[in-house]
Amino acid sequence: MIELEKNYNASEHEQTIYKLWLDSGKFNPDNLEEAAEPFTIIMPPPNVTGTLHVGHALFVTIQDTLIRRKRMQGYKALWLPGTDHAAIATQSKVEKLLFKYGIRRSDLGREQFLKKVEEFAQESHDTIINQLKGMGASADWSREAYTLDEPREKAVRTAFKSMYDDGLIYQENKVINWDVKGQTVISDDEVVHVERDAKLYTFKYSHDFPIAIATTRPETKLGDTAVAVHPDDKRYQQFIGQTIEVEDFCGEKLSLKIIADEHIDPEFGTGALGVTPAHSMVDAEMAERNNLPFIQVINEFGKMTVGSPEIIDTKTTVAREVIADWLKQNNLLEKEEDIKQNVATAERTGGIIEPLPKKQWFIAVNKPFILKHSELDGIESGQEVTLKQLMKQVIQSSQISVNPDRFSKTYFHWIDNLRDWCISRQIWYGHRIPVWYKGAETYCGVEAPDGDGWEQDPDTLDTWFSSGLWTFSTLGWPDQTKDLKTFHPTDVLETGYDILFFWIARMILMSTYNTGQIPFKNIYLHGMVRDDKNRKMSKSLGNIIDPLDMNEKYGTDALRFALIFNTAPGTDMALAENKIKGMKHFGNKIWNISRFVLANLEGKPNAEVEPQTDADKLILEQLKETITISTKALDEFRLHEAAQKLYDFVWHDFADVYLEASKSQLENESTRTSTQAILFHCLTTSFKLLHPFMPFLTETLWQTLYNNQLVEEPLLMIAKWPTE
RNA sequence: GGGCGAUUAGCUCAGUUGGUUAGAGCGCUUCGUUUACACCGAAGAGGCCAUAGGUUCGAAUCCUAUAUCGCCCACCA
């Protein structure tokens, strides 16, 4: 008779069990069956900026569940982990920390500052990796990658050079999103619009100007080069085509052409818009269409570069007031009203975005080029395509499947509106652009050019550039390694729907272009974890559920099961501590079922699993159905249904009904041994089915079985997934 | 303005291609300390599946409209 303690105490077992797995070497697929089919998940690299939060816990749980199941099914299962240098995020975090001591990055200089960032990143990396392990992640740590390590640097430079040579990466002076606070340009996708109160001023540039315009930003009007009206607007038709000179507008001379543009809403304001090509994305496009000059009046620090002495060199917000006053004094202001307005801010720093013209690096998404090598459905090697077409085609052809499918619509919509991707950043932490200058000469290469006097471009790349290469850079690309051939394209990309554009789209772009392959066959998107009232978790609300606390309190398996139970893919979930507690009870139930079964065994059962009674027959049927349903559900990424089925079977079929029935069957000599065999069979099969979801608990129990010579397989982790 | 989604038990949510009395967790009521488990068991209350039409032998599930809520994109300056 085998004695187990009365209740499952997770924290006593988890570290020991994790070490057992790690020491077995079986996280590394090289140590699994050689001939088997590969199954690959590349882990979305967590940023090296902080500690594990419940979002990480969710992705680890889902991916670990998928990978463990495949490993048990006999696949050569690779879950390749890594971390992300997260350029802006990490740099600004370190800047904040240094600022506590009154130090700015400029005080340290590039080299010294980067040293500080790297120290921070290393420490942060160690923390988060250990926390991932704590969640039970069965990842192959021997293959761990970092988006900013040397192999990835080589991949980044190779990809850059190749795109540069194909004319897909180009440098141009155009209006970009400037983050004044972060002192860098950011891409369109990193701009977040926030609603604010604003004043709408209606005014005329001068007394004899025929049209009044409305604006929330009078300070930008110093850079106006046109006034745009709707082509059908009867009020203004007579003026279209004229150019009107304004001798003095706050100290500047303006020359304004009256243009017609479909973009203008005749209902808003006066139906006329002062066009500021240099400081508005929309206006810039209008200026392109109408061949208007660009006049920059605001600099990188958000200060005015022109205007009367009271204006020049002041911040935009100050200049706005001064100009409003000037309009009033000169009797040009017709109206001033309060409105709600969406202001562009930077996702990372929260700073205001000041559109302004600047020379930057871009990826051309609409430019045709020859795709040298293609394994993509519907695209031949050597075919002329655009990056946009590649991104669209692989989803359209269903070569990549999206789960839930509705997100493919969002994806197409994004692609249709996609503009060239700005990839250069004026920050220090990141991959430096592999371009060197010497006088008028420019060199792009994987290595620095020979000879003296070459200066490397000071900018770094958008962090999503290197993340875009992640599925193949982690496998050794650009070298044609064995890993690359074996594991790419990968099988599943599992991540939150919030980075569909940032990351997934960029991976598709980079993989199809650089390798001619899709990066992954399946996209699985999970929802956001919210609190029990369905609010976002935030520090200010004080409703954050810390996964580490939960693991300590209820056991990692309880948290894992709670994160999957009763949730649907792609849908936000409410997570209450009580739910985790409930799942701990489920774990305890399994524990006590095991106690009962083990207490009633007399050594390893040697009777056949052959039903003698109605109860026997029923439970074996139910078990079979559970295997079928949970296997199918897992195949189709319906983890929650598999979990639900297992919960029902274990608790309500096995424990509530069969265990009770077995008590009398065990008393009866004629059914005793067969009942033992069935109990044991149901128990060990349940362990196997539950293992991907609750790895620690089930492995702990399995070890007890193994140590008592009840099972032959030393590790549940690589036990064979039940088929019947 | 464009797109997507949600509306199911007191709360938070599942419900696979339409198929018998609609499920779970938590909460609630009553009873029970019989040696797997009180981190439990038994029994139970609680739902015209948002509303109105339609398709069908049959609809929570498919279609149309309406209402309310949420998210994403655009950026009316």
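Naming convention: chains lettered A, B, ... in sequence-line order (proteins, then strands); numbering from 1 in each chain. Just so you know, these numbers use all the heavy atoms, side chains as well, and skip hydrogens, waters and symmetry mates.
- A distance of about 24 Å separates the P atoms of B:rU35 and B:rC26, rounded to the whole Å.
- Checking B:rC62 for Watson-Crick or G-U wobble geometry (two distances, each under 3.5 Å) identifies B:rG54 as its partner.
- Residues A:E602 and A:R672 are paired through a salt bridge, judged by an N-O separation under 4.0 Å between the basic side chain and the carboxylate.
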Polar pairs (N or O, both sides) under 3.5 Å between protein and nucleotides 17-26 of chain B?
from	atom 1	to	atom 2	distance (Å)
B:rA24	N3	A:N566	ND2	2.7
B:rC26	O2'	A:N578	ND2	3.2

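- Contacts of A:L659 with the nucleic acid, taken as non-hydrogen atoms under 4.0 Å apart, include base atoms.
- Here B:rA67 sits opposite B:rU7 as a Watson-Crick or G-U wobble pair (both hydrogen-bonding atom distances under 3.5 Å).
- Taking atom CD1 of residue A:I580 and atom C1' of nucleotide B:rU12, one finds them 13 Å apart after rounding to whole Å.
- B:rU30 and B:rA67 have their C1' atoms separated by 41 Å, with the value rounded to a whole Å.
- In this entry the distance linking NZ of A:K645 with P of B:rG15 reads 16 Å, nearest Å.
- With rounding to whole Å, A:M528 atom CE is found 14 Å from B:rG70 atom C1'.
- Nucleotides B:rU33 and B:rC40, compared at atom C1', are 10 Å apart to the nearest Å.
- The pair A:E641-A:K645 does not count as a salt bridge, with every side-chain nitrogen at least 4.0 angstrom from each carboxylate oxygen.
- The pairing partner recorded for B:rC75 is none, the criterion being a Watson-Crick or G-U wobble arrangement whose two distances lie under 3.5 angstrom.
- Residue A:K663 places no side-chain N or O under 4.0 Å from the OP1 or OP2 atom of B:rU35.
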Atom pairs, N/O to N/O, protein against nucleotides 75-77 of chain B, distance under 3.5 Å?
from	atom 1	to	atom 2	distance (Å)
B:rC75	N3	A:N342	ND2	2.8
B:rA77	O3'	A:T216	N	3.1
B:rA77	O3'	A:T216	OG1	3.0
B:rA77	N6	A:D265	O	3.0
B:rA77	N6	A:F268	O	3.0

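- Around atom CD of A:E334, more than 12 heavy atoms belonging to other residues, nucleotides or ligands sit under 6.0 Å away.
- Taking atom P in both B:rU66 and B:rU20, the straight-line distance is 32 Å, to the nearest Å.
- Ion pairing between a basic and an acidic side chain is recognised when a charged N comes within 4.0 Å of a carboxylate O; A:R235 and A:D233 show such pairing.
- With values rounded to the nearest 0.5 angstrom, A:I395 atom CD1 is found 8.5 Å from A:I504 atom CD1.
- For the C1' atoms, the distance linking B:rG5 with B:rG41 amounts to 41 Å, nearest Å.
- If you check B:rC49 for Watson-Crick or wobble pairing at under 3.5 angstrom, you find it has no partner at all.
- A salt bridge links A:R217 with A:E354: the distance from a Lys NZ or Arg NE/NH1/NH2 to an Asp or Glu carboxylate oxygen falls below 4.0 Å.
- The phosphate of B:rA38 has OP1 or OP2 within less than 4.0 Å of a side-chain N or O from A:K6.
- In summary, A:K174 and A:E285 do not engage in a salt bridge, as defined by a charged side-chain N under 4.0 Å from a carboxylate O.
- Nucleotide B:rC40 holds its P atom 12 Å from the CD1 atom of A:I593, rounded to whole Å.
- Crowding of A:R638 atom CZ: a count of heavy atoms from other residues, nucleotides or ligands under 6.0 Å exceeding 12.
- With respect to the salt-bridge test (charged N to carboxylate O, under 4.0 angstrom), the residues A:E336 and A:K328 qualify.
- Residues A:K409 and A:A655 each lie close to RNA chain B; by heavy-atom proximity, the contact nearer the 5' end of the strand is made by A:K409.
- Summarising the geometry, the separation between CG on A:N417 and C1' on B:rG1 is reported as 13 Å, rounded to the nearest angstrom.
- Between A:K553 and A:D549 there is no salt bridge, since no side-chain N of the basic residue sits under 4.0 Å from a carboxylate O of the acidic one.
- Remark: A:D635 does not engage A:K632 in a salt bridge, criterion side-chain N to carboxylate O under 4.0 Å.
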Each nucleotide N or O in nucleotides 29-34 of chain B that has a protein N or O under 3.5 Å away: list the pair and distance.
none

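- The nearest whole Å value for the distance from the CD1 atom in A:I590 to the C1' atom in B:rC39 is 13 Å.
- In summary, the aromatic rings of A:Y8 and A:H13 are positioned with their centroids under 6.0 Å apart.
- A:R638 comes within 4.0 angstrom of a base, heavy atoms only.
- With P as the reference atom, B:rA22 and B:rA60 are 10 Å apart, rounded to whole Å.
- For A:W414 and B:rC73, the CH2 to C1' distance is 12 Å, given to the nearest whole Å.
- When heavy atoms are screened at a 4.0 angstrom cut-off, A:T276 is found touching no nucleic acid atom at all.
- Residue A:D498 is out of contact with every strand shown, counting any heavy-atom pair closer than 4.0 Å.
- Between A:K584 and A:D557, none of the side-chain N atoms (NZ, or NE/NH1/NH2) sits under 4.0 Å from a carboxylate O, so this pair counts as no salt bridge.
- With both ends at atom P, the span from B:rC31 to B:rC71 equals 46 Å, rounded to whole Å.
- Rounded to a whole Å, the CH2 atom of A:W651 is 12 Å from the P atom of B:rC39.
- The base-pairing partner of B:rG41, taking Watson-Crick or G-U wobble contacts with both distances under 3.5 Å, is B:rC31.
- B:rU61 and B:rA36: their C1' atoms are spaced 40 Å apart (whole Å).
- With hydrogens and angles ignored, a donor-acceptor pair closer than 3.5 Å exists between the side chain of A:E660 and the base of B:rA36.
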